[in-house]
Amino acid sequence: MLDIIVTPFAIEDLEKVKKVNATSVIIGTPFFSVRAVHEFPQAELKHIKEECTRLGLQMYVLVNRFFVEEELPQLREFLAYLKALDVDGIYYGDEGVLYEAECLGIKHKLIYNPDTLITNHMDAQYYLDEGIKMVTISKDITLDEIESIASHLDHECEVIIHGR
C-alpha cells in the first residue's frame, strides 16, 4: 500500500494536501519532536485530529527525541494524550518510547524510525516482531538494498524520500 505522508505548516494546509492525494500527515510538537519541518502546539493536536478524520487523512505524530529519566513522566503523559486522541501512528527512535507505549497498550501504533540504522532485514524484522506498526528503512542505502530488505519482511516498512 502506498501511503504518501506530508508535513503541513498550518491546519489550513490539511485540505490542500488531501487535494493533491496525500494520505497522511506527520505532526511535530515542541519538546517531543526533533528535526520536525514544523511544530504545532500540543493544544492544536485535537483540532488537527478532527480535521484529519473529516478529510480522511491519517495523523502520525513525531515523538522522535531521546528522553532522559527525569522526562519519562512527561513522555508517559503525552503518549496517554495521543492514545486518547487515537492518532494513527507515532514515530519514535528511543526504546523508552517503546516501553511506555507498551505499558499504555499502544505499541501497535509505533513506527520505528532510527534514521540510518535499519540497513538489513533482520533488524527490521526484530522490531516488527515486537508488535509495532512499521519500521523505516535507512534512506542511505541503495534502492536494490532497500528492495531486498522489504522483500524479506512480513509487515509494512517505509522509506523516507526527500525532494521533488
Side-chain angles (χ1 to χ4, degrees), residues 1-68 70-115 117-118 124 127-137 139 153 155-164:
M1 171 182 93
L2 180 63
D3 188 7
I4 300 174
I5 307 169
V6 299
T7 304
F9 288 86
I11 294 174
E12 297 76 31
D13 291 342
L14 295 175
E15 288 204 34
K16 295 174 190 174
V17 300
K18 180 63 177 181
K19 286 180 183 173
V20 295
N21 298 320
T23 50
S24 303
V25 292
I26 294 179
I27 305 298
T29 60
F31 183 72
F32 298 100
S33 306
V34 293
R35 297 177 312 277
V37 174
H38 179 77
E39 292 180 343
F40 289 89
Q42 185 175 338
E44 291 183 15
L45 294 183
K46 183 177 182 203
H47 181 58
I48 294 169
K49 177 60 178 173
E50 290 167 351
E51 282 298 295
C52 285
T53 300
R54 183 180 70 81
L55 295 167
L57 292 168
Q58 291 194 74
M59 178 180 164
Y60 301 133
V61 178
L62 285 176
V63 184
N64 62 336
R65 67 169 290 220
F66 286 89
F67 298 89
V68 297
E70 296 78 22
E71 297 167 336
L72 291 180
Q74 284 176 274
L75 170 63
R76 199 171 300 122
E77 183 178 309
F78 186 62
L79 289 175
Y81 179 69
L82 296 180
K83 178 181 181 176
L85 279 182
D86 194 27
V87 299
D88 297 291
I90 301 166
Y91 281 86
Y92 81 103
D94 183 346
E95 296 292 326
V97 176
L98 176 65
Y99 175 80
E100 295 297 340
E102 184 172 19
C103 292
L104 289 167
I106 57 171
K107 185 167 66 167
H108 64 284
K109 292 185 180 252
L110 294 180
I111 301 163
Y112 184 53
N113 181 1
D115 293 323
L117 296 182
I118 298 295
Y127 284 97
L128 292 169
D129 289 345
E130 286 290 311
I132 67 169
K133 179 178 185 128
M134 192 169 18
V135 296
T136 304
I137 298 173
K139 62 186 176 300
L153 299 178
H155 296 77
E156 288 187 83
C157 61
E158 72 175 3
V159 177
I160 296 175
I161 301 171
H162 297 275
R164 301 173 192 245

Enquirer: Apply salt bridge (Lys or Arg N to Asp or Glu O under 4.0 Å) to R35 and D115, showing your working.
Expert: CA-CA 11 Å; R35 297 177 312 277; D115 293 323; 2.8 Å; yes

Enquirer: Flag the pair K109 / V61 as yes when at least one side-chain heavy-atom distance between them is below 4.5 Å, and no otherwise.
Expert: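 Heavy-atom side-chain distance check fails, nothing below 4.5 Å.
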
Enquirer: Tell me the closest heavy-atom pair linking R76 and L104, and the distance in Å.
Expert: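 The answer is O-CD1, 3.9 Å.
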
Enquirer: Please test D3 against Y60 for side chain to side chain donor-acceptor pair (under 3.5 Å), starting from the C-alpha separation and ending with a verdict.
Expert: CA-CA 12 Å; D3 188 7; Y60 301 133; 2.9 Å; yes

Enquirer: If you compare all heavy atoms of A36 against all heavy atoms of G28, which two are closest, and at what distance to 0.1 Å?
Expert: CB-CA, 4.0 Å

Enquirer: For a quick test of reading the model, state the closest non-hydrogen atom pair linking L110 to I132 and the distance between them.
Expert: O-CB, 3.5 Å

Enquirer: Give the intermediate values and the outcome of side-chain contact (heavy atoms from CB on, under 4.5 Å) for residues Y112 and E95.
Expert: CA-CA 9 Å; Y112 184 53; E95 296 292 326; 4.2 Å; yes

Enquirer: When rounded to the nearest 0.5 angstrom, what distance separates CG in L79 from CD in Q74?
Expert: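 Output value for this atom pair is 11.5 Å.
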
Enquirer: Do T29 and P41 have side-chain heavy atoms sitting under 4.5 Å apart?
Expert: no

Enquirer: Taking all atoms of both residues into account, what is the closest heavy-atom pair of N64 and S33, and its distance?
Expert: OD1-CA, 3.3 Å

Enquirer: Kindly give the heavy-atom pair with the smallest separation between G56 and K18, and that separation in Å.
Expert: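 Shortest heavy-atom contact: O-NZ, 3.7 Å.
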
Enquirer: Check each of K133, K83, K49 against D88 using the salt bridge (Lys or Arg N to Asp or Glu O under 4.0 Å) test, and report the only one that passes.
Expert: K49

Enquirer: I'd like to know whether M59 forms a side-chain contact (heavy atoms from CB on, under 4.5 Å) with I27, so could you lay out the CA-CA distance, the side-chain angles of the two residues, the decisive distance to 0.1 Å, and finally the verdict.
Expert: CA-CA 7 Å; M59 178 180 164; I27 305 298; 4.1 Å; yes

Enquirer: Between F66 and V34, is the side-chain contact (heavy atoms from CB on, under 4.5 Å) condition met? List the steps.
Expert: CA-CA 9 Å; F66 286 89; V34 293; over 6 Å; no

Enquirer: Look up atom CG in D13 and atom NE2 in H38, then write down how far apart they are to the nearest 0.5 Å.
Expert: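 If I round to the nearest 0.5 Å, the distance is 8.5 Å.
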
Enquirer: Roughly how far, to the nearest 0.5 Å, is the CG atom of L55 from the CD atom of E15?
Expert: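 One gets 5.0 Å once the value is rounded to the nearest 0.5 Å.
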
Enquirer: Flag the pair L98 / K107 as yes when at least one side-chain heavy-atom distance between them is below 4.5 Å, and no otherwise.
Expert: yes

Enquirer: Got a second to check how far E77's CD is from L72's CG, nearest 0.5 Å?
Expert: 13.0 Å

Enquirer: Could you check whether the rings of F78 and F32 sit parallel, tilted or perpendicular, using 30° and 60° as the cut-offs?
Expert: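 Plane angle under 30°, so parallel.
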
Enquirer: Once you round to the nearest 0.5 Å, how far does NE2 of H155 lie from CE of M134?
Expert: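 Between H155 NE2 and M134 CE, I get 12.0 Å after rounding to 0.5 Å.
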
Enquirer: Taking T23 for the side chain and I4 for the main chain, is one N or O donor matched with an acceptor at less than 3.5 Å?
Expert: yes

Enquirer: Taking the side chain as every heavy atom from C-beta outward, state whether I90 and I111 have any atom pair closer than 4.5 Å.
Expert: no

Enquirer: So do D94 and R65 actually touch side chain to side chain, heavy atoms under 4.5 Å?
Expert: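 No; the side chains remain at least 4.5 Å from each other.
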
Enquirer: Does the side chain of L153 come within less than 4.5 Å of L128's, by heavy atoms?
Expert: yes

Enquirer: Is any side-chain heavy atom of Y91 closer than 4.5 Å to a side-chain heavy atom of I26?
Expert: yes

Enquirer: The test is side-chain contact (heavy atoms from CB on, under 4.5 Å); show your working for F31 and F67 and say whether it passes.
Expert: CA-CA 10 Å; F31 183 72; F67 298 89; 4.2 Å; yes

Enquirer: Under the salt bridge (Lys or Arg N to Asp or Glu O under 4.0 Å) rule, what do E51 and R54 come out as? Steps first, then yes or no, please.
Expert: CA-CA 5 Å; E51 282 298 295; R54 183 180 70 81; 2.8 Å; yes

Enquirer: Do L62 and E39 come within less than 4.5 Å of each other through their side chains, counting heavy atoms only?
Expert: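 Answer no - side chains too far apart.
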
Enquirer: Going from CZ on F40 to NE2 on H47, what distance comes out if it is rounded to the nearest 0.5 angstrom?
Expert: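 These two atoms lie 10.0 Å from each other.
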
Enquirer: Heavy atoms only: give me the nearest I11-I48 pair and the separation to one decimal.
Expert: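 That would be CG1-CG1, 3.7 Å.
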
